[in-house]
Amino acid sequence: MPELPDVESFRNYAQATSLHQRIADLSVSDAYVLTHVTEKDLQRALPGTCFESTLRHGKNLFLHTDSGVWLRLHFGMTGFPKYFKNLDDCPKYERVLFNFENGYHLAYVCQRKLGEIGLEDSPEEFARKRGLGPDALKIEREEFLELLRRKRGMLKTSLMDQGFLAGIGNIYADEILFQCRLHPATRADSLDDEMRAEMFEVTKRVLQTAVDCNADLLRLPESFLLPHRSEGQECPRCGTELVREKVGQRSAYYCPSCQSE
DNA sequence: CTAGATGTTAAGGT
DNA sequence: CACCTTAACATCTA
């Protein structure tokens with residue numbers, strides 16, 4: 001689930017539900033998801049504060065507290081936030097629970113525990129330390145072209161490289177390449193600037209469309225690859241059966257007829 | 001039982 | 001240095 005559009009929908013969700021309420025206390029039911037912090041650190045930093053604003057960089061969601069510290073949530077492959085009132089409604093695989101003074105709760109849910117929770121001085125500092133590239137929705141054309149000129153590996157791998165561009169994962173990489181009509185294994189250094197510019201436009205359009213659909217793949221236009229991205233389905237453009245193939249260790253779906261090398 | 005699933009990193013090799 | 005592959009992490013489902 002959680003690539004850039006999903007995390008953006010989580011940001012909107014947290015923004016709408018979880019700001020301006022004092023955190024009474026919190027509980028950590030599985031410390032495995034904590035990175036570079038202990039439960040004690042969270043207990044010291046958060047109770048008594050309020051989340052005041054939200055920010056997203058790539059696949060990371062940041063909540064800024066009124067004490068100045070930033071809570072960082074990363075969702076791995078299976079994570080999401082859930083806000084609710086009655087503890088009976090607490091979702092399965094809840095790993096950390098924030099309890100607000102108004103009686104509501106915000107759960108960090110993560111079945112596979114590949115997500116991360118941390119405390120950061122700032123999103124910018126975190127992005128620098130972690131070596132993240134610019135956010136894929138905020139980057140501007142010239143910088144995109146400049147960074148893409150330096151890539152030499154396969155396009156799919158390049159798009160998913162968080163150090164190049166932060167936010168694109170396995171399935172949106174497939175969508176972008178489908179709309180560019182490029183085979184996922186095409187080498188990045190075989191593109192000319194015209195193709196790079198095309199890839200910039202497509203990347204922006206795909207991500208913005210997905211954000212507008214609240215990252216619900218079934219609400220994407222029929223002409224997109226993603227609603228059809230499964231075994232035995234057909235290309236929405238030409239009807240050819242889609243191919244699944246390992247590219248850079250991940251499953252790539254593409255149309256063998258539309259997407260040339 | 002096995003393979004694969006929207007993520008990331010470490011380690012080793014070319 | 002840039003890139004590639006593999007393995008690993010935890011857990012569930014087809």
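It should be emphasised that the depicted structure is a prediction, and the values quoted were computed from it without experimental measurement. Worth knowing before you read on, the calculation uses all heavy atoms, side chains too, and leaves out hydrogens, waters and symmetry mates. Reminder, nothing fancy here: chain letters follow the sequence lines and each chain counts from 1.
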Whole-Å gap separating C1' (C:dC9) and CD (A:Q111)
14 Å
Pairwise P distance, B:dA3 and C:dT6 [rounded to whole Å]
14 Å
Give the minimum heavy-atom separation between A:R112 and A:T78, together with the two atoms involved.
N-OG1, 3.0 Å
Looking at A:S251, I'd like to know whether one of its side-chain N or O atoms comes within less than 4.0 Å of OP1 or OP2 on B:dA5.
yes
Could you walk me through whether A:E116 and A:R130 pass salt bridge (charged side-chain N to carboxylate O under 4.0 Å, His left out), step by step?
CA-CA 13 Å; A:E116 301 178 347; A:R130 188 59 72 92; 3.3 Å; yes
Whole Å only: how far is the CG atom of A:D189 from the P atom of C:dA2?
14 Å
Taking only side-chain N and O atoms of A:H74, does any of them lie within less than 4.0 angstrom of OP1 or OP2 on B:dT8?
yes
If I take atom CG from residue A:L63 and atom CD from residue A:Q15, how far apart are they, to the nearest 0.5 angstrom?
9.5 Å
Whole angstrom is fine here: how far is it from CG in A:L132 over to C1' in B:dT9?
13 Å
By the Watson-Crick or G-U definition, both distances under 3.5 Å, B:dT9 is matched with C:dA7
Indicate, with a heavy-atom threshold strictly under 4.0 Å, whether A:K151 touches base, sugar-phosphate, or nothing.
sugar-phosphate
CD1-NZ distance between A:I139 and A:K204, expressed to the nearest 0.5 angstrom:
7.5 Å
I need the CD1-P distance between A:I171 and B:dG7, as an integer number of Å.
8 Å
Of A:N60 and A:R244, the one whose closest DNA chain B nucleotide lies more 5':
A:R244
What's A:Q162 touching, base or sugar-phosphate or nothing? Going by heavy atoms closer than 4.0 Å.
sugar-phosphate
Atom CZ of A:F164 to atom P of C:dC4: distance rounded to whole Å?
14 Å
Report yes if at least one side-chain N or O of A:Y93 is closer than 4.0 Å to OP1 or OP2 of C:dC12; otherwise report no.
yes
Base, sugar-phosphate, or nothing: which does A:R112 touch, judged by heavy atoms less than 4.0 Å apart?
base
Check this one for me: any side-chain N or O of A:K113 less than 4.0 Å away from OP1 or OP2 of C:dC9?
no
Within the structure, does a side-chain N or O atom of A:K246 lie under 4.0 Å from either OP1 or OP2 of B:dA3?
no
Touch class at under 4.0 angstrom, heavy-atom based, for A:Y32 against every strand present:
sugar-phosphate
Rounding to the closest angstrom, what is the interatomic distance between B:dT8 and C:dC1 at atom P?
24 Å
Is a side-chain donor or acceptor of A:E3 paired with a backbone partner of A:I171 at a separation under 3.5 angstrom?
yes
Residue A:R130, side-chain atoms from C-beta onward, closest of B:dT8, C:dT11, C:dC9
B:dT8
Distance in angstrom units between A:L155 CG and C:dC3 P, rounded:
12 Å
Counting just side-chain N and O atoms, does A:R250 come under 4.0 Å of either OP1 or OP2 of B:dG4?
no
Chi angles and distances behind the salt bridge (charged side-chain N to carboxylate O under 4.0 Å, His left out) call for A:D6, A:K59:
CA-CA 8 Å; A:D6 310 275; A:K59 302 171 188 173; over 6 Å; no
What is the distance from NZ of A:K59 to P of B:dG7, rounded to the nearest Å?
4 Å
What is the distance from CG of A:D30 to P of C:dA10, rounded to the nearest Å?
10 Å
Among B:dG7, C:dT11, C:dC3, find the nucleotide with the atom closest to the side chain of A:R152.
C:dC3
